[in-house]
**Q** 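Starting off with a structure, shown below.
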Protein chains: 2
Amino acid sequence: MGVKERRERQKENLRQEILDAARKLFVEEGYDNVTMRRVAEQIEYSPTTIYLHFKDKADLLFSLCQETFAKLAGQFEALGHEFPNPLSSLKKGLRTYIQFGLDHPNHYLATFVIPYKCDAQERERHLSQDSMGMRAFDYLRMIVAECIRQGMFRPVDVEEASRALWAAAHGITSLLIVHPVFPWGDRERLIDLVIDSMVAGLQSKG
Amino acid sequence: MGVKERRERQKENLRQEILDAARKLFVEEGYDNVTMRRVAEQIEYSPTTIYLHFKDKADLLFSLCQETFAKLAGQFEALGHEFPNPLSSLKKGLRTYIQFGLDHPNHYLATFVIPYKCDAQERERHLSQDSMGMRAFDYLRMIVAECIRQGMFRPVDVEEASRALWAAAHGITSLLIVHPVFPWGDRERLIDLVIDSMVAGLQSKG
DNA sequence: AACTCTAACTTACCGCCGTTAAGTATATCC
DNA sequence: GGATATACTTAACGGCGGTAAGTTAGAGTT
């Protein structure tokens, strides 16, 4: 009775083929230039076939981004869960986050920047604890907690500090992606300035 | 020979009518739900008429956003150009910027968040010194310069510090707009935390 | 081997969209 | 009163996301 299994394998293969085709278009040309028709053309199926594997375009691209952000979560978790020097771990983590966004601009845009057009149920899905974006956020929160536990931060709420740091990192990431032409000067220096300022601002006065 | 003048006045009126109709749709329903057809329907003209006044949809909505951001620039410039207490002026300015974004979410999105689809020439236009967004940025830079001049900031480059502050402010603004469902906790506190941390981080150690 | 049924896939379409070419009417000018 | 320019519309193009209905191939059943 390996028939059913083979069928499922084939179905899974096609799903992956769709994802790969979509990713290629997505990486090269961004959200709007991925059309169901072009994806279909690439894999040499009719456009409707895609809908047998993905609910709609948003679902397809969301799945795509999840795949990619899983890499970020993996990168983070590979850094380990011990933070002998939490301040430098924090800076390194923020650096990693920002660089990841710059390396995968269209994924970053689709995940965090493009305004949702979907209903509350889908929005919840995008923000759920299971999502890869949130797993990365969890890691940030862990480091922040350690900074606070070791007394290196002034006594601020872990959640609030994490959100504030995320906001700042998101700000520089998204601006650099969306406005590449703006005279940013030395980008690396600017990124470091944002990170260093935020972290310094959260440190205890002593 | 008042004929030509009257004609021009009428033309200007229709242009403004188009802008008003588009703004109504835009504020209520955002970029994607403004369609040339719906704007035309609202003003009871055919869709093509709009193209006699605006090059395309992007031009129409850009003009719209310029109108709105002129208000922000005005708000800033009304605060005066003297900064006896530049640190508190800076915080107040950032606060104003963020609040303005939250009050005009769709304008903010269209101006700073939505990735450009236009060519380099248009991009330049959007970022030019004349644009209202940049006038607001100029004001921020002035305050930062004053902070540095008065020795309240560690000796950092004016441009870099301004960009870093803008990035942080943009980060929290855009996240709050784009992900309204995320558990942000007390938004006001979070906004203040971002602002206070960045400003504190830029201050001189003394 | 013939029949049934199911899953995979396609065809043909819907109702939108931004935009443009071509046409019409109207008011001004000479 | 005829020419001209301006304002505006009609009708269409090509594209989009998405769906209902139809086709086909092949496994399961007798």
Side-chain angles (χ1 to χ4, degrees), chain A residues 1-19 21-22 25-26 28-65 106 110 114-119 121-122, chain B residues 1-19 21-22 25-26 28-64 106 110 114-119 122:
Chain A
M1 186 55 103
V3 173
K4 203 167 184 178
E5 281 73 6
R6 194 197 66 221
R7 285 285 190 87
E8 272 184 22
R9 232 182 305 125
Q10 281 173 354
K11 179 153 189 169
E12 187 54 42
N13 283 351
L14 182 49
R15 187 191 148 92
Q16 197 57 51
E17 237 184 289
I18 294 170
L19 277 169
L25 290 170
F26 186 57
E28 288 170 5
E29 314 190 37
Y31 190 99
D32 283 338
N33 293 314
V34 178
T35 71
M36 301 307 254
R37 285 165 165 83
R38 288 186 71 192
V39 173
E41 198 181 337
Q42 192 103 41
I43 59 172
E44 296 179 288
Y45 280 79
S46 83
T48 44
T49 299
I50 300 173
Y51 291 91
L52 301 173
H53 298 265
F54 300 93
K55 184 176 154 280
D56 52 24
K57 179 178 173 180
D59 183 34
L60 169 57
L61 294 185
F62 176 70
S63 303
L64 206 60
C65 290
N106 285 314
I114 293 173
Y116 290 110
K117 293 159 209 172
C118 51
D119 55 25
Q121 187 191 341
E122 284 195 82
Chain B
M1 185 57 102
V3 173
K4 203 165 183 179
E5 281 74 8
R6 194 196 66 221
R7 284 285 190 88
E8 269 184 24
R9 233 182 305 127
Q10 280 174 355
K11 181 153 189 171
E12 187 54 43
N13 283 351
L14 182 49
R15 187 190 148 92
Q16 197 57 51
E17 239 185 287
I18 295 170
L19 277 169
L25 290 170
F26 187 56
E28 287 169 7
E29 313 189 40
Y31 190 99
D32 283 338
N33 293 314
V34 178
T35 71
M36 300 307 254
R37 286 168 163 85
R38 288 184 71 193
V39 172
E41 198 182 337
Q42 193 102 39
I43 59 172
E44 296 179 287
Y45 280 80
S46 84
T48 44
T49 299
I50 301 173
Y51 290 90
L52 301 173
H53 298 265
F54 300 94
K55 181 176 156 281
D56 52 25
K57 181 178 172 181
D59 183 32
L60 169 57
L61 294 186
F62 175 69
S63 303
L64 206 59
N106 285 315
I114 294 173
Y116 290 109
K117 293 159 208 169
C118 50
D119 57 24
E122 284 195 80

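To find a chain, count down the sequence lines: A is the first, B the second, and so on, and within it residues start at 1.
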**Q** Please figure out whether B:R37 or B:L14 has its closest DNA chain D nucleotide nearer the 5' end.
**A**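 So the residue in question is B:L14.
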**Q** Using a 4.0 Å heavy-atom cut-off, does B:V34 contact any base of the nucleic acid, only the sugar-phosphate backbone, or nothing at all?
**A**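 Since only primed, P, OP1 and OP2 atoms lie under 4.0 Å of B:V34, the category is sugar-phosphate.
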**Q** Nearest to the side chain of A:M36, which nucleotide is it out of C:dA21, C:dC9, D:dG17?
**A**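 Of the candidates, D:dG17 comes closest.
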**Q** What is the distance from CD of A:E17 to P of C:dC9, rounded to the nearest Å?
**A**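 Going from A:E17 (CD) to C:dC9 (P), I get 10 Å.
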**Q** Around atom CD of B:E44, are there more than 12 heavy atoms of other residues, nucleotides or ligands at under 6.0 Å?
**A**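 No, because the 6.0 Å sphere around CD of B:E44 holds 12 heavy atoms or fewer from other groups.
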**Q** Hey, mind stepping through B:M36 and B:L60 against side chain to side chain contact (heavy atoms under 4.5 Å, CB included) and telling me if it holds?
**A** CA-CA 9 Å; B:M36 300 307 254; B:L60 169 57; 4.2 Å; yes
**Q** Taking only N and O in the side chain of A:T49, is any of them less than 4.0 Å away from OP1 or OP2 of C:dT10?
**A**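 Yes.
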**Q** Check whether any side-chain nitrogen or oxygen of A:K11 sits under 4.0 Å from OP1 or OP2 of C:dA7, and answer yes or no.
**A**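 Looking at the OP1 and OP2 atoms of C:dA7, neither is under 4.0 Å from any side-chain N or O of A:K11.
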**Q** Could you state the atom-to-atom distance from CD1 of A:I18 to P of C:dC9 in whole Å?
**A**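 So the two atoms are 9 Å apart, to the nearest Å.
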**Q** Whole-Å distance between C:dC17 C1' and B:L25 CG?
**A**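 In whole Å, C:dC17 C1' lies 15 Å from B:L25 CG.
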**Q** Take atom NZ of A:K57 and atom P of D:dC16, then tell me their distance rounded to the nearest Å.
**A**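 The distance from NZ of A:K57 to P of D:dC16 comes to 9 Å, rounded to the nearest Å.
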**Q** Could you check how far CG of A:L52 sits from P of D:dA21, rounded to whole Å?
**A**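 Between P of D:dA21 and CG of A:L52: 16 Å.
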**Q** Considering only D:dT19, C:dC9, D:dG17, which nucleotide approaches the side chain of A:Y45 most closely?
**A**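 Of all the options, the side chain of A:Y45 is nearest to C:dC9.
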**Q** Using side chain to side chain contact (heavy atoms under 4.5 Å, CB included) as the criterion, point out the one residue from B:T49, B:L19, B:I50 that pairs with B:L14.
**A**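 The option that passes is B:T49.
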**Q** Once you round it to whole Å, what is the distance between C1' of C:dA7 and NE2 of A:H53?
**A**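 In whole Å, C:dA7 C1' and A:H53 NE2 are 11 Å from each other.
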**Q** Does the pair B:E17 and B:Q42 meet the rule for a side chain to side chain contact (heavy atoms under 4.5 Å, CB included), with working shown?
**A** CA-CA 10 Å; B:E17 239 185 287; B:Q42 193 102 39; over 6 Å; no
**Q** May I ask you to say what A:Y51 touches in the nucleic acid, namely base, sugar-phosphate or nothing, with a heavy-atom cut-off under 4.0 Å?
**A**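 Counting heavy atoms under 4.0 Å across all strands, the contact made by A:Y51 includes a base.
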**Q** CG of B:N13 versus C1' of D:dA7: gap in Å, rounded?
**A**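 Whole-Å distance recorded here is 15 Å.
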**Q** Tell me, with the steps shown, if B:N33 and B:R38 meet side chain to side chain contact (heavy atoms under 4.5 Å, CB included).
**A** CA-CA 9 Å; B:N33 293 314; B:R38 288 184 71 193; 4.1 Å; yes
**Q** Just how far, in rounded Å, is P of D:dC16 from CD1 of A:I50?
**A**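 From A:I50 CD1 to D:dC16 P: 12 Å.
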**Q** Looking at C:dC9, I'd like to know if its phosphate oxygens (OP1 or OP2) sit under 4.0 Å from a side-chain N or O belonging to A:S46.
**A**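 Checking C:dC9 against A:S46, no side-chain N or O comes under 4.0 Å of OP1 or OP2.
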